[in-house]
Protein chains: 2
Amino acid sequence: MITHKKRFETIIQKLKDNGHKITPQRIAIVKILVDSEGHPSVENIHAQIKTDFPTMSLATVYRNIVLIKSLGEVLELGFPDGSNRYDGNKPYPHPHVVCIKCKKIVDPDLDSLDEMKKEVEVETEFKILNHRLDFFGICSDCQAGKV
Amino acid sequence: MITHKKRFETIIQKLKDNGHKITPQRIAIVKILVDSEGHPSVENIHAQIKTDFPTMSLATVYRNIVLIKSLGEVLELGFPDGSNRYDGNKPYPHPHVVCIKCKKIVDPDLDSLDEMKKEVEVETEFKILNHRLDFFGICSDCQAGKV
DNA sequence: TTCTAAATGATAATAGTTATCAATTAGCAT
DNA sequence: ATGCTAATTGATAACTATTATCATTTAGAA
């Protein structure tokens, strides 16, 4: 399991390698992306960042998330009922478990979907490149009525 | 495999059972939902419907999709890069295969995720209610350069 | 046939995201 | 350390997808 610090350095290096400046705003955004436990939305990231950067623009956060996504260093998840969510720690397809009450997202440790992927390729004649697997339910906190 | 006609009748009956009027607009929307092969967006549905109902409002389509969704008769899929998609034939969790070029969606025939669901419940202590599984790739038509 | 609450159509409003442009600044060159 | 400049930011307008509002229409019960 790679550390948050390692992920931070990887993303910052990727920005440098692609000719981008390492601004204080970018450092702050990447830090939140890799430290976050729950795949935050842009709005979440902006709200957290305002503590240390009260004048940072929401547009700056959006622009930088798009940039980091274009470098393949963040996984973007869309849900039907709201804004997109971002995972800076595992920027590749992996399962999620989403609480439908508090919207928390956790990453369970499940077996690879490679077998299914092969079955799908045979059945559909698609060339499969990636996948998405989410389970939706109620977390133990919300079951206990803490939220 | 249930027929489109049967699905149509089921949805219409559900609307009646819930005290809703069966307007010509609703009949047209439900028909497109059950006849569609590729999980259309609201915009798609509206574009198709305009042929026979040139004055139907986009808001009417949106309102009715929301209504049918609230009755549990349509599956709603959100993607990070655009509008939501709707499946009126299988309004319950099932796998999808999405072409990243032409955006076509097909439903492969895969084994149940019940085993994984149990593993997830044990590991995360969530009560799992449903799931989402999508594979992303390139369909055979787009591989052949037809699109 | 009449009546009325539900539904529609048109459009304003909202939320999430992207584009624009003047001002600022990271970092390279000296 | 200083100067320079293209990249970046901040503020906000604009865009897209969706929802809210309200006058008008209509499905269907009586």
Side-chain angles (χ1 to χ4, degrees), chain A residues 11-33 39-71 74-86 103, chain B residues 11-33 39-71 74-86 103:
Chain A
I11 298 178
I12 293 298
Q13 191 57 49
K14 200 66 157 306
L15 283 165
K16 282 180 179 174
D17 292 344
N18 281 266
H20 299 292
K21 293 177 176 177
I22 308 307
T23 65
Q25 292 87 347
R26 285 181 174 157
I27 291 173
I29 290 166
V30 172
K31 197 172 187 331
I32 289 184
L33 271 180
H39 306 30
S41 63
V42 170
E43 190 67 34
N44 292 153
I45 295 169
H46 186 237
Q48 291 179 60
I49 238 158
K50 270 176 140 350
T51 307
D52 296 320
F53 291 82
T55 63
M56 198 192 288
S57 171
L58 183 59
T60 298
V61 184
Y62 268 105
R63 261 193 311 259
N64 280 295
I65 293 297
V66 164
L67 172 61
I68 298 166
K69 188 184 88 176
S70 76
L71 300 178
V74 75
L75 180 71
E76 183 179 51
L77 297 168
F79 293 96
D81 59 348
S83 48
N84 291 330
R85 305 278 287 265
Y86 297 91
K103 312 297 181 187
Chain B
I11 298 177
I12 293 299
Q13 190 57 48
K14 201 62 157 311
L15 283 166
K16 282 179 179 173
D17 292 344
N18 282 266
H20 299 293
K21 292 177 179 178
I22 308 307
T23 63
Q25 294 87 347
R26 284 179 174 159
I27 290 173
I29 290 166
V30 172
K31 195 170 187 335
I32 290 184
L33 271 181
H39 307 29
S41 63
V42 171
E43 190 68 34
N44 291 154
I45 294 169
H46 186 236
Q48 291 179 60
I49 237 157
K50 270 177 146 334
T51 307
D52 297 321
F53 291 81
T55 62
M56 197 190 290
S57 173
L58 183 58
T60 297
V61 184
Y62 268 104
R63 262 193 309 261
N64 279 295
I65 294 297
V66 164
L67 173 60
I68 297 166
K69 189 185 86 176
S70 77
L71 300 179
V74 75
L75 180 71
E76 183 179 52
L77 297 167
F79 295 95
D81 58 348
S83 48
N84 291 331
R85 305 279 288 264
Y86 297 92
K103 311 297 179 187

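Throughout, a chain's letter reflects where its sequence line sits, starting with A, and its residues are numbered from 1. Because only heavy atoms are used, hydrogens play no part in the values below, and waters and symmetry mates are left out as well, while side chains stay in. The structure displayed is predicted, hence computed values, not measured ones.
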Calculate the interatomic distance between A/Asn64 atom CG and C/dT17 atom C1'; express it in whole Å.
14 Å

Is A/Gln25 near enough to D/dG10 that one of its side-chain N or O atoms lies under 4.0 angstrom from OP1 or OP2?
yes

Tell me the closest heavy-atom pair linking A/Glu76 and A/Tyr86, and the distance in Å.
OE2-OH, 2.7 Å

Of all heavy-atom pairs between B/Val42 and B/Ile65, which one has the smallest distance, and what is that distance?
CG2-CG1, 4.2 Å

A/Arg26 side chain, from C-beta outward: closest of D/dA27, C/dA26, D/dT8:
D/dT8

So does B/Thr60 get a side-chain nitrogen or oxygen closer than 4.0 Å to the phosphate oxygens (OP1/OP2) of C/dG9?
yes

Would a 4.5 Å heavy-atom cut-off, applied to side chains only, mark B/Gln13 and B/Asp17 as touching?
yes

In whole angstroms, how far is the C1' atom of D/dT26 from the CD1 atom of B/Ile27?
13 Å

Does a nitrogen or oxygen in the side chain of B/Arg63 sit under 4.0 Å from OP1 or OP2 of C/dA7?
no

Whole-Å distance separating the CD atom of A/Glu76 from the C1' atom of C/dT17:
11 Å

Using whole Å, what does the distance between atom P of nucleotide C/dA26 and atom NZ of A/Lys16 come to?
14 Å

Which whole-number value in Å describes the distance from A/Leu15 CG to D/dT9 P?
10 Å

Any idea which of D/dA7, C/dT11, C/dT17 is nearest the B/Ala59 side chain?
C/dT11

Just to confirm, is there a sub-4.0 Å distance from OP1 or OP2 of D/dT19 to any side-chain nitrogen or oxygen of B/Tyr62?
no

Okay, side chain of A/Asn84, backbone of B/Pro80: is any donor-acceptor separation there less than 3.5 Å?
yes

Evaluate the side-chain proximity of B/Leu58 to B/Glu43: yes if any heavy-atom separation is below 4.5 Å, no if none is.
yes

Find the distance A/Asn84:CG to C/dT18:P and express it as a whole number of Å.
8 Å

A/Leu15 side chain reached by A/Leu67 side chain, heavy atoms, under 4.5 Å
yes

Mapping B/Thr55 and B/Pro80 to their closest nucleotides on DNA chain C, which lands nearer the 5' end?
B/Thr55

Using five pairs at each end of the helix from C/dT1-D/dA30 to C/dT30-D/dA1 to define an axis, what is the angle between those two axes, to 10°?
30°

Partner of A/Ile29 by side chain to side chain contact (heavy atoms under 4.5 Å, CB included), out of A/Thr23, A/Asn64, A/Ile11
A/Asn64

The nucleotide from C/dG9, D/dT8, D/dT18 with an atom nearest the side chain of B/Ser57 is C/dG9

Closest to the A/Thr23 side chain, choosing from D/dT8, C/dA7, D/dG10:
D/dT8

Measure CE/B/Met56 against C1'/C/dT11 and give the value in whole Å, please.
18 Å

Quick one: does any side-chain atom of A/His46 pair with a main-chain N or O of A/Tyr62 as donor and acceptor, under 3.5 Å?
no

Sub-4.0 Å heavy-atom contacts from residues 42-51 of chain A onto DNA chain C, ordered by number
none

For residues B/Lys103 and B/Asp81, determine if any side-chain heavy atom of one lies less than 4.5 Å from a side-chain heavy atom of the other.
yes

Give the rounded distance in Å between these two atoms: CG of A/Leu58 and P of D/dC15.
19 Å

Presence of B/His20 side-chain N/O under 4.0 Å of C/dA7 phosphate oxygens OP1/OP2
yes

With distance as the sole test, does A/Lys14 use its side chain to make a donor-acceptor pair with the main-chain N or O of A/Leu71 at under 3.5 Å?
yes

Start at the 5' end of DNA chain D and walk down; is the nucleotide closest to B/Ile22 or to B/Ser83 reached first?
B/Ser83

